Amino acid sequence: QVQLVESGGGLVQAGGSLRLSCAASGRTSSSYAMGWFRQAPGKEREFVAAITRSGGTTYYADSMKGRFTISRDNAKNTVYLQMNNLKEGDTAVYYCAAQIIHRNYELPTYYSYWGQGTQVTVSS
């Protein structure tokens, strides 16, 4: 079992930055690949970024490349999402998730554990 708790969301102006954190608990949490997803009202859950268990490889949705950076600190059992140059379209609830399958990182169905989400609101 892995428990995930996100933090770091909030209200920010367009062009600003936020760093989200996802704290994982469980002795084997570093064995999981981790992903970030987001969901805006009335829309489906959308892949944002993912990182392998070692942190050696990262994946991004095309619209986030160059603006978002995913990283992890396995010693702290924490995954981060640095978001720069935020746009109003980035407004959503952001979720972190963990998977042991280690493939198809962009598909939410491959993730076994999810956090409760943190709200990010970008104003103009």
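A quick note: this is a predicted structure, and the numbers were derived from the prediction, not measured. Here, residue 1 is the first one in the sequence, and each next residue gets the next number.
- The backbone N or O of Arg53 lies less than 3.5 Å from a partner atom in the side chain of Asn74, making a donor-acceptor pair.
- Looking only at distances, no side-chain donor or acceptor of Thr58 sits under 3.5 Å from a matching main-chain atom of Ile70.
- What you find for Ser124 and Ala14 is that their closest heavy atoms are CA-CB, 4.4 Å.
- Taking the side chain as every heavy atom from C-beta outward, Tyr105 and Ile51 never approach each other to under 4.5 Å.
- Contact of the Trp114 side chain with the Arg45 side chain is registered, since non-hydrogen atoms from C-beta on lie closer than 4.5 Å.
- The shortest non-hydrogen separation linking Val122 to Gln13 is CG1-C, 4.0 Å.
- If you take CE on Met64 and CG on Asn84, they are separated by 13.5 Å, rounding to the nearest 0.5 Å.
- Of the possible donor and acceptor atoms, one in the side chain of Glu6 sits under 3.5 Å from a partner among the backbone N and O of Cys96.
- The aromatic rings of Phe37 and Phe47 sit perpendicular, their planes meeting at an angle over 60°, well past the 30° parallel limit.
- Hydrophobic clustering of Ile, Leu, Val, Met, Phe, Trp and Tyr side chains at less than 4.5 Å, counting indirect connections, unites Ile100 with Val79.
- Minimum interatomic distance between Gln116 and Leu4 (heavy atoms only, all atoms of both residues): OE1-O, 3.7 Å.
- A distance-only check finds a donor-acceptor pair linking the side chain of Arg72 to the backbone of Thr52 [under 3.5 Å].
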With side chain to side chain contact (heavy atoms under 4.5 Å, CB included) as the test, would you mind laying out the steps for Arg38 and Thr91 before giving the verdict?
CA-CA 9 Å; Arg38 69 185 187 185; Thr91 295; over 6 Å; no
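- Between Tyr32 and Tyr113 there is a side-chain heavy-atom pair separated by less than 4.5 Å.
- Judged by distance alone, the side chain of Arg67 and the main-chain N or O of Asn85 form a donor-acceptor pair under 3.5 Å.
- Across all non-hydrogen atoms, the minimal contact from Ala50 to Tyr111 is CB-OH, 3.7 Å.
- Gln39 is listed as a side-chain neighbour of Tyr95, based on a closest heavy-atom distance under 4.5 Å.
- Using a cut-off of 4.0 Å between Lys/Arg side-chain N and Asp/Glu carboxylate O, Lys87 and Asp90 are scored as not salt-bridged.
- Residues Ser17 and Val12 are not in side-chain contact: their nearest non-hydrogen atoms beyond the backbone lie 4.5 Å or more apart.
- Criterion: ILVMFWY side-chain heavy atoms under 4.5 Å apart, direct or through other members. Under it, Leu20 and Tyr80 are not part of a common hydrophobic cluster.
- In this structure, Ala98 and Met34 approach most closely via the heavy-atom pair CB-SD, 3.5 Å.
- Asn77 contributes atom CG, which lies 11.5 Å from atom CD of Gln3 (distance to the nearest 0.5 angstrom).
- Counting all heavy atoms, side chain and backbone alike, Ala40 lies closest to Ala92 at N-CB, 3.8 Å.
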